[in-house]
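Down below is the structure, laid out as structure tokens.
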Amino acid sequence: MIRMRHILLALPLAAGLLVTAVAADEIHSVEALNQAPEELEGETVRLEGIIAQVNEDIMGRNFLRLVDGTGEPGDFITLTSQQTADPGDRVRVEGVYVLDRDFGAGYVYPVLIEQARLEDMDD
């Protein structure tokens, strides 16, 4: 009987871990990430949107602006990546969420997605 009780208690705990794992795979919005939730700092995040601007090969990486239509008009999030895309490309992004990144030389970002991996959604 004791063993049965431990098994029954373990099931909700295991189910809770499964829910957490699913939440970690959530697709985040530009609006939500721009609100700088500290609990996500250093975590891998996922988002989808349209590339609005590309600046290639700055400090050994590409800087891309991504929009998804959430937040205020003109809201975007900046990505850094070894990959590049064209403005207007619909992409799925996975990268590391970083707060208050200062590269020096005037490149300061309150929110940034670094080491972004891009996947074209139009293929």
Side-chain angles (χ1 to χ4, degrees):
M1 197 68 165
I2 292 175
R3 288 180 189 232
M4 179 68 93
R5 195 173 309 167
H6 287 316
I7 291 171
L8 292 176
L9 289 174
L11 288 174
L13 292 175
L17 292 176
L18 182 60
V19 169
T20 301
V22 171
D25 288 338
E26 162 184 1
I27 302 293
H28 294 83
S29 70
V30 167
E31 178 181 31
L33 291 177
N34 275 331
Q35 293 175 11
E38 290 181 10
E39 64 272 9
L40 290 177
E41 185 165 21
E43 297 291 323
T44 298
V45 296
R46 292 161 188 80
L47 56 161
E48 296 176 349
I50 297 171
I51 299 297
Q53 181 179 350
V54 178
N55 294 305
E56 293 183 356
D57 198 23
I58 298 173
M59 296 180 289
R61 66 199 81 192
N62 301 313
F63 284 73
L64 303 97
R65 286 188 178 180
L66 182 101
V67 298
D68 68 359
T70 62
E72 298 295 319
D75 279 359
F76 63 89
I77 198 156
T78 301
L79 321 168
T80 65
S81 180
Q82 294 302 307
Q83 295 175 275
T84 191
D86 293 321
D89 285 354
R90 287 178 4 112
V91 295
R92 184 171 291 116
V93 176
E94 182 175 285
V96 179
Y97 184 75
V98 177
L99 298 176
D100 301 317
R101 180 72 155 101
D102 185 348
F103 290 99
Y107 292 99
V108 179
Y109 297 88
V111 176
L112 184 67
I113 308 298
E114 291 197 289
Q115 302 165 18
R117 291 173 300 283
L118 310 175
E119 177 186 338
D120 191 343
M121 292 176 62
D122 291 328
D123 284 343

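These numbers were taken from a predicted model, which means no experiment stands behind them. When reading the values below, keep in mind they use all heavy atoms of this one structure, side chains included, and skip hydrogens, waters and symmetry mates.
Sparse packing is recorded around CD of Q115, with 12 or fewer heavy atoms of other residues, nucleotides or ligands lying under 6.0 Å away. A 6.0 Å sphere centred on CD of E39 holds more than 12 heavy atoms belonging to other residues, nucleotides or ligands.
What you find for T84 and E56 is that their closest heavy atoms are OG1-OE2, 3.1 Å. Pairing each heavy atom of A32 with each of P37, the nearest pair is O-CD, 3.6 Å. Heavy atoms only, all atoms of each residue included: L99 and A36 are closest at CD2-CB, 3.7 Å. Considering all non-hydrogen atoms of both residues, D68 and S29 come closest at OD2-CA, 3.4 Å. Closest approach of A116 and S81 over heavy atoms only: O-OG, 2.7 Å.
Without hydrogens or angle criteria, N62 side chain to D57 main chain gives a donor-acceptor distance under 3.5 Å. Under the 3.5 Å distance criterion, the side-chain polar atoms of D75 are left unmatched by any main-chain donor or acceptor of E31.
Inter-residue side-chain proximity for E94 and E119 is flagged as unmet; no heavy-atom pair is nearer than 4.5 Å. The side-chain heavy atoms of T70 and H28, taken from C-beta on, include no pair separated by under 4.5 Å. Using a 4.5 Å heavy-atom threshold, the side chains of L33 and I113 count as touching. With a 4.5 Å cut-off on side-chain heavy atoms, L112 and F103 count as touching. Side-chain contact between Y109 and T80: absent, with no pair of heavy atoms (C-beta onward) separated by less than 4.5 Å. Contact check for I51 versus L66: side-chain heavy atoms found under the 4.5 Å cut-off. Contact of the R46 side chain with the R92 side chain is not registered, since no non-hydrogen atoms from C-beta on lie closer than 4.5 Å.
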Worked check of side chain to side chain contact (heavy atoms under 4.5 Å, CB included) between L118 and L64: CA-CA 11 Å; L118 310 175; L64 303 97; 4.1 Å; yes

Step-by-step side chain to side chain contact (heavy atoms under 4.5 Å, CB included) determination, L79 to V93: CA-CA 9 Å; L79 321 168; V93 176; 4.0 Å; yes

Side chain to side chain contact (heavy atoms under 4.5 Å, CB included) between V96 and V98, intermediate numbers included: CA-CA 6 Å; V96 179; V98 177; 4.1 Å; yes

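Here the options are L40, N34, T78, D100, the test is side-chain contact (heavy atoms from CB on, under 4.5 Å), and the partner is V111; only N34 passes.
No chain of hydrophobic side-chain contacts below 4.5 Å, direct or via other Ile, Leu, Val, Met, Phe, Trp or Tyr residues, connects I50 to V30. When hydrophobic clusters are built by joining Ile, Leu, Val, Met, Phe, Trp and Tyr residues whose side-chain heavy atoms come closer than 4.5 Å, directly or via intermediates, M121 is not grouped with L47.
Relative to the ring axis of F63, R65 does not place its NZ or CZ within 45° and under 6.0 Å from the centre.
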